[in-house]
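This report concerns only the one structure given below.
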Amino acid sequence: MRMRTVEISVGAFVLAGALALTFLAIKVSGVNLSRSADSYVVKARFDDVAGLRLRAKVSMAGVTVGRVSKIEVDMEYGEAVVSLEINGKPGNLSADTGAQILTEGILGARYVSLLPGADEETLAEGDFIEETQGALVLENLIGDLVTRLGSS
Amino acid sequence: MIDFVRALGDRSLERLASLGRASIMWLSAIWGLPRWADVPLLIKQIYNVGVLSLVIIVMSAFSIGAVIALQFYTQLSRFGAEDAVGLGLALVLLRELGPVVTGLLFAGRAGSAVTAEIGLMKTTEQLSSMEMMGVDPLRRIVAPRLWAGVISMPLLTAMFNVVAIYGGMVVAVNWLGSDVGNFWSGMQDSVELWNDVGKGMIKSVIFAVVVTWISVYQGYDTEPTPEGIGFATTRTVVISSVMILALDFILTLSMYGEFK
């Protein structure tokens, strides 16, 4: 009887540990098992992503609609190629959708904001977003301002 | 002068020999377990070192999480960045405090008990009588305790992290009024499964190996007197704690050194 209690409590202990690990994976690190089935990837070229990170938000009208899934650099054109994982099925974004990189909050987390288009055509898996605007880099702005003030 | 050098050499050799004995013990014990007949022993030991450590782990986790959330909240609210409480709390716990504090508590609660138990067995010559009966004490006594520690501690660390995050949430959200949505989404945005959760778990496995090794060896190698058991128990806690803290720095440096 005594051994039985020990075995049951060890079983419960291991189970609790496994549950804790699952909680850490799903609730804390935000791994979503079901999402990957219902999403597609579009790409966008930016002249400067300046601190955009993997898994950053992709939002439209302030609502999160996806995540940044890959950031590469195209050496030939000197541009960054960003893959955006959009929730839902292909066909929910019009072909002339725009994308820009904005900054959020005091910590300066970068995110991608999508601007709705009016085209009847829609973006398919792997298509490029044509209208893009890269991140505003504060140092460049200040540099511009200083040269302008200097020349006037 | 010659005497001093001789004493130094003697002590170095003694240390080296003790390290060698510990390694031989560890290796033969690690190979000693994978037998189905020994599983009941292992379960008993997991009960001793894991289940019985649960209360202290849960209680410390709750207060540590609450305190970190309180500190983060008061400092971050000066910049209007209370939303980052969840993020900071989760990263601090998963990467550092979870494995380290669990390791320290585990060394104090379970490691010392293992040392005292094995030390007493040695002092009362149970170990040598076992050998005489043809039972290998490494397999019967040492191996289950080593494996039990290595299995229990990562699980305890995971529970520690969960309870501490919950404790932090109680303080930051329910008491101080931070927004519950921002608390969780800020956390989920920046915590990565492998880089934060996975590496933290690797740390805790390494700490588990070190702590159980030290505590079992100190018990096994104790001087067979009541005083010797006392010294061995103290040494277990001291050496384990120092090793955990030193190793943590090295592990952090190699895991996050270049800010990957």
Side-chain angles (χ1 to χ4, degrees), chain A residues 1-36 51-59 62-71 84-85 87 102-113, chain B residues 39-40 42-54 57-58 61 76 78-84 86-91 93-94 98 148 151-163 165-166 169 182 184-198 200-201:
Chain A
M1 193 56 214
R2 171 89 181 110
M3 195 60 201
R4 211 173 130 73
T5 341
V6 168
E7 277 169 3
I8 291 172
S9 52
V10 168
F13 172 73
V14 173
L15 204 67
L19 276 179
L21 275 175
T22 328
F23 177 86
L24 288 181
I26 292 176
K27 186 84 182 175
V28 176
S29 79
V31 171
N32 202 328
L33 302 171
S34 58
R35 182 182 295 164
S36 54
L52 184 73
R53 300 183 60 174
L54 284 180
R55 295 180 47 73
K57 279 197 303 196
V58 177
S59 72
V63 182
T64 305
V65 296
R67 306 233 162 250
V68 172
S69 62
K70 203 197 288 179
I71 302 175
L84 310 171
E85 193 180 320
N87 299 341
L102 298 175
T103 308
E104 165 187 66
I106 182 112
L107 293 174
R110 305 274 185 181
Y111 68 103
V112 178
S113 172
Chain B
V39 167
L42 180 64
I43 288 177
K44 183 78 179 70
Q45 289 311 316
I46 293 183
Y47 180 80
N48 277 353
V49 300
V51 178
L52 294 183
S53 305
L54 209 52
I57 293 281
V58 166
L76 287 174
R78 286 168 39 189
F79 310 106
E82 302 96 303
D83 298 345
L87 178 167
L89 180 73
L91 286 183
L93 283 169
L94 290 170
I151 293 172
S152 310
M153 216 172 97
L155 297 176
L156 285 173
T157 307
M159 291 182 221
F160 182 97
N161 286 336
V162 170
V163 174
I165 287 173
Y166 179 74
M169 195 195 78
N182 280 333
W184 288 112
S185 65
M187 202 185 281
Q188 288 166 1
D189 279 351
S190 1
V191 174
E192 289 165 34
L193 182 62
W194 167 244
N195 208 17
D196 299 316
V197 182
M201 284 298 130

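Letters A, B, ... mirror the listed sequences (proteins, then strands); counts begin at 1.
Counting heavy atoms from C-beta on, the side chains of A:Phe13 and B:Leu52 never come closer than 4.5 Å.
Only the backbone of A:Ala18 comes within contact range of chain B, with heavy atoms under 4.5 Å apart. Proximity to chain A involves both the backbone and the side chain of B:Ile43, based on heavy atoms less than 4.5 angstrom apart. No part of B:Ile151 comes within reach of chain A, as not one of its non-hydrogen atoms sits under 4.5 angstrom from that chain.
Contact tally against chain A (heavy-atom pairs below 4.5 Å) for B:Pro40, B:Gly50, B:Ala90: the top residue is B:Gly50. When B:Val197, B:Asn48, B:Leu193 are compared by the number of non-hydrogen pairs under 4.5 Å with chain A, B:Leu193 comes out ahead. Contacts with chain B were tallied for A:Gly11, A:Ser29, A:Ala16; A:Ser29 has the most, counting heavy-atom pairs under 4.5 Å. In terms of heavy-atom pairs under 4.5 Å with chain B, the best-connected choice from A:Ser9, A:Ala12, A:Ala25 is A:Ser9.
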Next item on the list: May I have the step-by-step check of side-chain contact (heavy atoms from CB on, under 4.5 Å) for A:Glu7 and B:Tyr47, ending in yes or no?
Entry: CA-CA 8 Å; A:Glu7 277 169 3; B:Tyr47 180 80; over 6 Å; no

Next item on the list: Just do the side-chain contact (heavy atoms from CB on, under 4.5 Å) check on B:Met169 and B:Leu89 with the steps written out, would you?
Entry: CA-CA 9 Å; B:Met169 195 195 78; B:Leu89 180 73; over 6 Å; no

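Here the OG atom belonging to B:Ser53 is positioned 12.0 Å from the CD1 atom belonging to B:Ile46, to the nearest 0.5 angstrom. Annotation: the span from B:Asn182 atom CG to B:Glu82 atom CD amounts to 9.5 Å, rounded to 0.5 Å.
None of B:Asp196, B:Thr157, B:Asn161 except one satisfies the side chain to side chain contact (heavy atoms under 4.5 Å, CB included) rule with A:Leu24; the exception is B:Asn161.
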